[in-house]
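Both counts, for ligands and for their atoms, begin at 1 and track the order of listing.
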Amino acid sequence: MPEKEIHVRGAREHNLQNIEVRIPRDTLAVITGISGSGKSSLAFDTIYAEGQRRFVESLSAYARQFLGLMEKPDVDSIDGLSPAVSIEQKTTHKNPRSTVGTVTEIYDYLRLLYARIGKPHCHSCGRPMLKQTIQEIVDTVLKYAEGTRLQVLSPIVRGRKGEYKELLRQVAKDGFVRARINGEIKDLDDSITLDRNRKHTIEIIVDRLVAGPGIKQRLTDSVQTAIKYAGGLVVIDVPGGKSELFSELMTCPECNISYGEASPRLFSFNTPYGACPGCDGLGHTMEIDPRLVVPDDGKSIAEGAIRAWGMPSGSYFSEIFSAVAKYAGTTLDTAWKAMTKKQQHAFLYGTGEEKLRIKWASDITGHKSETNRPFEGVVHNLQRRYKQSTSSAIREWIESFMTYQPCEACGGKRLNKEALSFTVGSMNIADLTRFNIRESMDFFGKLELNPNEKKISLQIFKEIKERLTFLLNVGVEYLTMNRAAGTL
Ligand SMILES: [Zn+2]
Ligand SMILES: [Zn+2]
């Protein structure tokens with residue numbers, strides 16, 4: 001017959017006074033009482049302690065040896081109790097940078113995945129970046145039709161202004177004979193004069209070959225030389241035909257933008273390599289909010305409308321405000337809301353280039369001083385002091401005038417442009433983390449990869465799927481990867 005209640009007799013743990021209690025089973029029971037009355041002593045040190053002891057005893061001898069012996073609580077008897085485990089609520093993730101993805105380690109594997117098989121795109125024009133090994137470049141060229149005349153070029157300057165006298169001299173000194181300059185073949189021992197204000201393209205002619213069997217070694221050497229001179233680039237040109245640009249680095253063929261090696265840290269918003277420079281990887285910025293600087297627009301400045309600066313009673317501050325009021329064509333007794341936008345702007349954001357002559361006397365010494373400089377504005381003043389101050393009290397005080405704004409540079413995606421330009425299954429890593437657990441599972445289920453990518457990422461997928469499956473089984477499929485851990 002199933003037990004209906006837990007019956008505790010003679011509980012004397014800590015300050016419990018030999019009590020007897022009956023608790024209904026399979027219900028939600030709450031133990032209440034004043035502090036020190038023995039709630040925890042009854043719930044944890046007596047009932048749970050005994051339940052856990054029974055749980056451990058239900059395990060095999062092998063498992064028990066790792067857990068050690070449990071003390072029997074000070075109680076005469078407990079009936080109707082099942083083996084028990086206790087689950088404690090833990091909220092250890094106060095760090096604003098932690099997300100569901102980072103605390104489950106799934107994001108670590110995503111970073112690895114993007115570093116290994118992510119497809120880079122130019123962050124300026126969106127074109128796929130070129131990246132091939134020397135071997136791959138050679139293999140492509142070996143497929144050219146037999147008998148095709150081709151030249152290996154090293155593009156050392158691509159559409160940049162300058163005279164390049166020294167560079168050309170050095171190239172000739174290194175033994176190269178010809179270069180293609182702005183599309184024209186030139187001998188390098190001729191004196192070449194380039195207009196320093198024009199954009200030029202200079203490609204050294206490294207080698208000339210005829211496609212066919214037996215050129216592989218020479219082609220490899222030449223491609224290697226070309227790449228060395230042009231910092232990762234080589235052009236294979238068929239005179240009168242096509243001209244192909246290859247890159248050993250990740251390079252945009254149009255914009256002259258190159259990326260370094262992609263490593264997992266590039267996709268981390270917690271490192272300077274990956275974090276958006278606009279928000280340091282937080283996804284939002286703290287900005288001075290004029291509505292908090294002037295919380296009551298019915299007041300005039302003389303009445304303390306500008307909360308951050310209070311009543312301009314000190315001689316210096318009152319002189320500044322008087323000068324700004326004069327500059328803006330208003331008075332310190334005008335209510336804030338009665339001022340024009342332009343007048344308010346002068347107080348909040350300053351006078352720009354316009355200098356104000358301010359004379360004041362020190363409140364303490366009576367010493368007279370004079371300055372003549374632009375007024376920076378209350379908002380700019382607070383911003384500047386927030387950046388400069390090393391006092392946490394001052395920074396906290398200034399934060400009381402700030403509100404969170406989504407970062408304009410990354411739109412809240414927390415990563416820099418380069419990191420966001422890599423895609424797997426045409427998704428960048430930030431967009432992928434907007435998926436919830438269920439959607440992430442579907443995404444990886446449907447992802448199409450070529451055999452090489454599959455091979456490289458097999459283990460990574462295994463780790464990701466294991467963790468996603470665990471979260472699905474726990475029943476939190478609605479959580480998104482980018483959810484801040486602190487909100488759970
Ligand atoms: Zn581009
Ligand atoms: Zn940002």
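The aromatic rings of H380 and Y349 sit perpendicular to each other, their planes meeting at more than 60°, with 30° as the lower class boundary. The aromatic rings of F443 and F435 are tilted relative to each other, their planes meeting at an angle between 30° and 60°. Ring orientation note: the planes of F347 and F321 are tilted relative to one another, at an angle of 30° to 60°.
Angle SG(C276) to the Zn ion (ligand 2) to SG(C407), rounded to 10°: 110°. Around the Zn ion (ligand 1), the two atoms SG of C125 and SG of C255 are separated by an angle of 110°, to 10 degrees.
Under the 4.0 Å criterion applied to side-chain N and carboxylate O atoms, R180 and D237 are assigned as salt-bridge partners.
Residue contact annotation: H284 places no N/O/S atom under 2.8 Å from the Zn ion (ligand 2).
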